[in-house]
Amino acid sequence: MPDGAPAAELIKASDGNYYGVMVQGGPNTCRPESPISCGAIRKVTPSGEESILYAFGSIPQDGYTPLMVLQASDGALYGVTTNGGKFGGGGVFFRVTLSGEYKVIYSWGRTEKDGVVPNGIVQGKDGNFYGTTSSGGEFRCEIIPVSGNNCGTFFKMTPSGQQTVLHSFGSSKVDGYEPLGTVVEGGDGNFYGITHLGGKFTSNTEGGGGTVFRITPQGALSIVHDFGETANDGLSPNRSLIKGSDGVIYGMTPSGGGGDSCAWQFGCGTIFSVTTAGAFRQIYAFAKGNFDDGAGPSSILVSQDGNLYGTAISRGANRCDSCGTVFRLTKTGVMTTLFSFGPAVVEPSRPTNLVEVRPGVFFGLNEWGGQKANGSIFFKMVLN
């Protein structure tokens, strides 16, 4: 099993195998000042056999610290790294075939107003790729401890690597900034995403509680929801949105919600939904009198049975900060804890990813591997 810290989610490709990235791992080292390896793209067969499709750092000016991959309409995998490339390490946009043929298509940081540190991409209906960068752009946000222009961007990228910055975040105090996660294309043809900071409400967190935004393919942005309006609202979203078959968009916040006694402030996290008409609803708040349901949601998916399934990175029945859970959540807010990880150090813990292989069967990844230290653990869960 190839060791490394997992990121993003496993995706099922047209060849029947599953692909995902390791932020660290692989044979190459990209930071001379540290022993951290460059990362890799992982391949997992339906039977659970793992191998490395591509190891980052194998070519000059390669990207490293990969964040995600998706399978595009041409059958190849496309993705981004948050470091490396030609221009000061702003990250790259890459393409790799299922047989492992790899190419860097774009390096971020070409100009002063270019974005840097991409969060992910989605292929739009027009065949182009859309996404955000968490830094760079036209504006500077003083609350973010990064020099230079640092509020982030929304961009369009052609498959051949022609990028257009469609929006720079941080143009006003109520504009969201520091977008994180991958955007999702709504049924209305617009894109939806989150910012980690910014928005109208600053009473619960310095810099604002973050936003859910809507942006057109031409770059016209509007705010759908400002987090932090009430004491029970979620705060500081940091994961990708997903879209259900019903057209509703779902997301999560790692904190806020008013849950009890979490190590972080203002609650243990929330699950929410938003429609393309702009209707926002909090579906569930974690750890309100019950730590067995976990804390700090780290992934969600919409199952074929119509329910939400996901992982929480902390707490659960073993009550440790680095344990975590796998859960089922109905769209009306009924929570069921399906499995609690830990105890930490001894057993695998801190689940970060979940994918449904077939009805009732899930693959996932743990960030911590127990006795394997930082090695990731791939797990399978079958519902009765």
Side-chain angles (χ1 to χ4, degrees), residues 8-9 11-14 19 21 63 66-81 85 90-98 101-108 110-111 113-134 136-138 152-169 171 176 179-195 211-224 239-251 274-278 302:
E9 62 186 29
I11 61 150
K12 185 176 182 180
S14 56
Y19 295 86
V21 298
L67 198 60
M68 53 77 67
V69 291
L70 61 79
Q71 187 172 35
S73 55
D74 64 359
L77 304 179
Y78 290 78
V80 299
T81 71
V92 308
F93 171 57
F94 64 83
R95 179 184 188 271
V96 60
T97 67
L98 299 185
E101 297 177 13
Y102 173 88
K103 180 181 180 182
V104 172
I105 300 175
Y106 185 84
S107 292
W108 272 278
R110 291 171 181 259
T111 67
K113 295 182 179 180
D114 194 8
V116 292
V117 192
N119 295 307
I121 51 169
V122 63
Q123 189 172 34
K125 296 174 183 177
D126 60 3
N128 294 310
F129 297 92
Y130 294 84
T132 60
T133 64
S134 61
E138 187 174 353
T153 70
F154 174 75
F155 64 84
K156 177 176 76 173
M157 183 82 70
T158 68
S160 62
Q162 293 180 325
Q163 188 209 216
T164 303
V165 174
L166 297 173
H167 178 78
S168 285
F169 290 90
S171 60
L180 295 176
T182 303
V183 297
V184 63
E185 188 172 20
D188 58 358
N190 296 314
F191 294 92
Y192 292 78
I194 57 96
T195 65
T211 70
V212 178
F213 64 84
R214 176 195 298 118
I215 192 164
T216 70
Q218 295 75 38
L221 181 136
S222 57
I223 302 299
V224 177
R239 302 278 182 167
S240 301
L241 300 177
I242 61 170
K243 184 174 70 172
S245 58
D246 55 2
V248 176
I249 295 166
Y250 299 89
V274 63
T275 69
T276 54
V302 182

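Each residue takes its place number in the sequence, starting with 1. As a basis for the values below, the full set of heavy atoms in this structure was taken, side chains included, without hydrogen atoms, waters or symmetry mates.
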Inset, instruction - Could you walk me through whether I105 and M157 pass the side-chain contact (heavy atoms from CB on, under 4.5 Å) test, one step at a time? - result: CA-CA 10 Å; I105 300 175; M157 183 82 70; 5.6 Å; no
Inset, instruction - Under the side-chain contact (heavy atoms from CB on, under 4.5 Å) rule, what do D114 and F155 come out as? Steps first, then yes or no, please. - result: CA-CA 9 Å; D114 194 8; F155 64 84; over 6 Å; no
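At distances below 3.5 Å, at least one donor-acceptor pair connects side-chain atoms of T133 with backbone N or O atoms of T153. A donor-acceptor distance shorter than 3.5 angstrom exists from the side chain of T81 to the backbone of V92, with no hydrogens or angles considered. Of the possible polar contacts, one joining the S168 side chain to the E138 backbone as a donor-acceptor pair under 3.5 Å is found. With hydrogens and angles ignored, the 3.5 Å screen pairs no side-chain donor or acceptor of K243 with any backbone N or O of G186. With hydrogens and angles ignored, the 3.5 Å screen pairs no side-chain donor or acceptor of Q163 with any backbone N or O of Y106.
Ring-plane geometry between F191 and F154 is classed as tilted, the angle between the planes lying from 30 to 60 degrees on a 0 to 90 degree scale. The aromatic rings of F129 and Y78 sit tilted, their planes meeting at an angle between 30° and 60°.
Between G181 and T132 the shortest heavy-atom distance is O-OG1, 3.6 Å. The two residues Y192 and D188 come nearest to each other via the heavy atoms OH-OD2, 2.7 Å. For Q71 against L98, the heavy-atom pair with the smallest separation is NE2-CD1, 3.8 Å. Closest approach of Q218 and L166 over heavy atoms only: O-CD2, 4.1 Å. When all heavy atoms of T182 and S240 are compared, the closest pair comes out as N-OG, 2.7 Å. For the pair I215 and F213, the tightest heavy-atom approach, listed with the atom from each and the gap, is CG2-CE1, 3.9 Å.
Distance check, rounded to the nearest 0.5 Å: CD of E185 to CD1 of I249 gives 10.0 Å. The structure places OG1 of T211 at 7.5 Å from CD1 of I194, a figure rounded to the nearest 0.5 Å.
Looking at residues two or more places apart in sequence or on another chain, you find no salt bridge (charged side-chain N to carboxylate O under 4.0 Å, His left out) involving R214.
Salt bridge annotation for K156-D126: absent, with no cationic side-chain nitrogen under 4.0 angstrom from a carboxylate oxygen.
Looking only at side-chain heavy atoms (C-beta outward), N190 and P217 come within less than 4.5 Å of each other. In this structure, the side chains of D246 and V302 stay at 4.5 Å or more apart for every pair of heavy atoms.
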